[in-house]
Amino acid sequence: MSTKIYFVRHADVDNPENLLYGRLPGFPLSRLGHVQTGEITDIFTAEKIAAVFSSPQLRCRQTARPIAQAHHLPVRISRLIQEVGSSFDGISKAEFEKIEPALSNSTPLAEYHRESREDIERRMTLFVRRVACQYPNRSVVAVSHGDPIVILKAGLEKTNFDWEYKKANYVAKGRFFGIVV
């Protein structure tokens, strides 16, 4: 048996203040995001999709909806594929970029409350196992976020996840990483 899971990173977000939005409510797709969503929907039109899952965050639901509609499916919400839990939500991206490499290369620093890489990998792997059991020999789309997707990818490849790996393997907005399980 083999199940294909396409992990789509949500499309571009309307974020005029250039904040790290994480799990904050709101943050809908931008105009570019709607274009990207149309493009990714077109890619999956030829594929027979059995289910479409989305992270609870608005940008993911908005990315998933057209894909699901094209296949006459509901969007199923899963917290297992949601954004990283972090105390950084709401700070500027410029401020975050000063500390991000240190976070990627080590366990989260004690002064920051952040979901660990291991916890993220565990929940993403649990999602993969559940989908493989529920949809054997079928294709599924899961709309998630950049960090959870790249952390899952490193775990599946049994590769060390560090800053260099993240930079080299990060999935662009509105693009996907596919696996077969």
Side-chain angles (χ1 to χ4, degrees), residues 3-15 18-45 47 49 51-71 73 75-86 88-89 93 96-97 100 103-104 114-115 117 119-128 131 139-157 159 161-181:
T3 301
K4 291 181 189 173
I5 306 174
Y6 299 101
F7 283 95
V8 175
R9 182 174 176 206
H10 64 79
D12 191 67
V13 175
D14 185 25
N15 184 10
N18 209 24
L19 299 176
L20 196 67
Y21 38 78
R23 291 185 184 176
L24 293 175
F27 293 92
L29 295 181
S30 66
R31 286 183 187 173
L32 172 60
H34 287 288
V35 170
Q36 291 171 333
T37 298
E39 291 169 353
I40 198 78
T41 299
D42 289 346
I43 289 170
F44 291 117
T45 302
E47 182 85 27
I49 302 296
V52 177
F53 288 86
S54 173
S55 159
Q57 282 70 50
L58 176 61
R59 58 198 178 271
C60 289
R61 296 189 324 255
Q62 288 180 324
T63 302
R65 190 174 303 124
I67 299 167
Q69 288 173 340
H71 294 277
L73 296 168
V75 175
R76 300 183 60 185
I77 304 299
S78 175
R79 292 193 184 285
L80 294 173
I81 59 174
Q82 73 180 330
E83 182 61 280
V84 171
S86 169
F88 299 114
D89 295 354
K93 287 184 179 180
F96 182 71
E97 286 172 358
E100 186 180 21
L103 292 170
S104 295
R114 184 176 164 99
E115 184 179 21
R117 182 198 53 77
D119 287 342
I120 297 163
E121 184 179 335
R122 248 189 305 277
R123 67 176 164 84
M124 293 293 285
T125 301
L126 177 59
F127 176 82
V128 168
V131 167
S139 296
V140 171
V141 170
V143 182
S144 185
H145 306 269
D147 284 348
I149 293 171
V150 75
I151 289 168
L152 173 66
K153 184 176 188 295
L156 293 171
E157 294 173 354
T159 301
F161 179 78
D162 60 16
W163 181 242
E164 293 305 316
Y165 181 88
K166 180 177 177 176
K167 286 191 316 187
N169 290 276
Y170 215 66
V171 176
K173 290 178 181 172
R175 300 295 179 245
F176 69 93
F177 161 68
I179 65 171
V180 177
V181 290

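What's counted below: heavy atoms across the whole structure, side chains too, no hydrogens, waters or symmetry copies.
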Item checked: Nearest-0.5 Å distance that lies between atom CD1 in I120 and atom NE2 in H145 ->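 Output value for this atom pair is 11.0 Å.
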Margin query: Would you compute the distance between atom CZ of R31 and atom CG of D12 and round it to the nearest 0.5 angstrom?
Written below: 12.5 Å
Checklist line | Closest contact, heavy atoms only, H71 versus I67 | finding: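 The answer is CD2-O, 3.1 Å.
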Next item on the list: Quick one: closest heavy-atom pair of Y170 and D147, and the distance?
Entry: OH-OD1, 2.8 Å
Please check this pair: side chain of [X] against backbone of [Y], looking for a donor-acceptor N/O pair closer than 3.5 Å.
X: R61; Y: P56; answer: yes
X: S139; Y: K4; answer: no
X: S144; Y: I81; answer: yes
X: R123; Y: Q82; answer: yes
X: R9; Y: V171; answer: yes
X: S86; Y: V84; answer: no

Notebook entry, point to check: What is the ring orientation for F176 with F44, classed by angle as parallel under 30°, tilted 30 to 60°, or perpendicular over 60°?
Noted result: tilted
Notebook entry, point to check: Residues two or more places apart in sequence or in another chain: which of them pass side-chain hydrogen bond (donor to acceptor under 3.5 Å, both in side chains) with E39?
Noted result: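 None.
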Note to self: Are the side chains of L58 and F27 in contact, using a 4.5 Å heavy-atom criterion?
What the structure shows: no
Margin query: Looking at K173, I want to see if its NZ is surrounded by more than 12 non-hydrogen atoms of other residues, nucleotides or ligands under 6.0 Å.
Written below: yes
Next item on the list: Output yes when K93 and E97 qualify as a salt bridge under the 4.0 Å nitrogen-oxygen rule, no when they do not.
Entry: no
